[in-house]
Structures are given as C-alpha cells and as structure tokens.
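Note on naming: letters A, B, ... go to the chains in the order of the sequence lines (proteins, then strands), and numbering restarts at 1 for each one.
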Amino acid sequence: EDKVVQSPLSLVVHEGDTVTLNCSYEVTNFRSLLWYKQEKKAPTFLFMLTSSGIEKKSGRLSSILDKKELFSILNITATQTGDSAVYLCAVDPGSNYKLTFGKGTLLTVNP
Amino acid sequence: NAGVMQNPRHLVRRRGQEARLRCSPMKGHSHVYWYRQLPEEGLKFMVYLQKENIIDESGMPKERFSAEFPKEGPSILRIQQVVRGDSAAYFCASSPRGNDIYGYTFGSGTRLTVV
C-alpha cells in the first residue's frame, strides 16, 4: 500500500526560528511530490517536486526532493506567526490525478 | 474567480439521516475530485468525476456513498444512513484537465458531524 509519513506531527517555535519539516514516502510508481499549506480552510499549493536535488524556492520557503532516499524536506526560514498552519505532503503514485497524503505537520509559531 | 466552492461549510446530521455535500468547481474546470479527512488522519482520495462520468471511485466505500457530477450544476457527494464514523472533513478539488495534479485547486471543505 502506498504510504506517506510526515514528521514531526507537531512543532512549536518562536518567531524568527528556522524549521525543517520532513516527508518520506513509499509508493509503487512515483511521479511527483507536492507540499500544501492548510490553515482553517482549503489546502493551498506550495511546491511540486519531480526531480531529485533541485531546490524549489518561494520567499522564505524552500523544498527539495531526494528520490534515492525517498524523502523531501520543507524549510521555512525566519518564521512568522502567519506561518502557523498544517503543512501537508502528498505524492502522486503514478495516476497523475490521485494524491496520497501524509497526516500533516502542525506548525505553531509563537510571537 | 470564486475558486472551488463547497457548501455547506458545516453539516450536522443524526445517525440514519442522509448527508448531501455540494462542490462547484472553478470556472473552466471540468474535473472534480473528492477527498475525506478523518480526525488525526491525512486526506484520502474517494472519487474522481468528469461531467456526467465517474472516472475512478476506488476510494469510495462500497455502501451508502455515491457521487455525481451532472451536466449542469455542482458535483454532489451523497452519504445515506450516516453513522458516527462518517464524521470527517470532506474536501473537493477541481482541475481544468484530467492529468493535471499541478492544476488542482481545493475547496474549503465541508465538516460533517454525525450525532
């Protein structure tokens, strides 16, 4: 069965800290890995990764994929209270339309 | 562009009642996907529909659950004779093309509580 495991499940930091969120996966036919941010509403897209070793960056957020070791990390530097959310990792196991999600990491950034 | 609209946002049903969840895709999107998020769990794929067609319902429970996406109007996820275990957040996503994970846009979800 396809599996996506995120760690830690929750994390509390202070504003200005840097955090690293982890996502490991076991899927039959990997196509891509996606990161989403979920506040109290719709998951919103952050990154899509298909190739190993190529960092995707958007402002203070960055992500990288290691297809050999089957994991990805999401880094957030200089965290702000607005970064508080659940961060979801999802993998496309070959269908190009169906995602397998991890349970998410709940990040709380305190002022 | 209003995005993917789901309603109601919150729905309370007594055991044995029916729940109807609605999803209006983004303008120009003709592909709809339903996911369920149980407490303490990740989102789980339920069904993929195009207009008037069910493409993949491999994640849908075999009994009591059905989905449709008619030619006109929103997609409907219907749960008959709800039980407490159906309490969850149900998310809909839409995309402009079928093989387009990158184009996925999620709605804000419907939180179903069965009492």
Quick one: pull up [atom1] in [X] and [atom2] in [Y] and give me the separation to the nearest 0.5 Å.
X        : Y        : atom1 : atom2 : answer
A:Lys103 : B:Gln37  : NZ    : CD    : 11.5 Å
A:Phe101 : B:Glu41  : CZ    : CD    : 14.0 Å
A:Met48  : B:Tyr104 : CE    : OH    : 11.5 Å

Side-chain donor/acceptor of B:Tyr33 to backbone N/O of A:Leu99, under 3.5 Å: no
Flag for A:Lys40-B:Ser108: side-chain donor and acceptor within less than 3.5 Å: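 Result is no, nothing qualifies.
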Taking atom [atom1] of [X] as the centre, report whether more than 12 heavy atoms of other residues, nucleotides or ligands fall under 6.0 Å from it.
X       : atom1 : result
A:Lys3  : NZ    : no
A:Lys57 : NZ    : yes
A:Glu55 : CD    : yes
A:Arg60 : CZ    : yes

Under 4.5 Å from any heavy atom of chain A - which part of B:Ser95: neither
Toward chain A, the part of B:Arg97 with a non-hydrogen atom under 4.5 Å: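 It is neither, since no heavy atom gets under 4.5 Å.
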Residue pair B:Phe45 / A:Lys98: nearest heavy atoms and the distance that separates them: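 Answer, listing the atom of B:Phe45 first, then A:Lys98: CD2-CD, 3.1 Å.
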Chain B contact via A:Gln38 - which portion, at a heavy-atom distance below 4.5 Å: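 Answer is side chain: those atoms of A:Gln38 sit under 4.5 Å from chain B.
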Heavy-atom proximity to chain B below 4.5 Å, by part of A:Leu9: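 Contact with chain B is absent: no heavy atom of A:Leu9 under 4.5 Å.
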Report whether [X] and [Y] are members of the same hydrophobic cluster (ILVMFWY, side-chain heavy atoms less than 4.5 Å apart, transitive linking).
X       : Y       : value
A:Leu34 : A:Phe30 : no
A:Tyr36 : A:Leu74 : no
B:Ile54 : B:Tyr35 : no
A:Val5  : A:Leu88 : no
B:Trp34 : B:Val82 : yes

Geometric class of the B:Tyr48/A:Tyr97 ring pair [parallel <30°, tilted 30-60°, perpendicular >60°]: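 Rings of A:Tyr97 and B:Tyr48: tilted, as their planes differ by 30° to 60°.
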Among A:Pro43, A:Gly104, A:Ser95, residue most engaged with chain B (heavy-atom pairs, under 4.5 Å):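 If we count pairs closer than 4.5 Å to chain B, A:Pro43 comes out on top.
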Heavy-atom side-chain contact between B:Phe106 and A:Phe45 under 4.5 Å: no
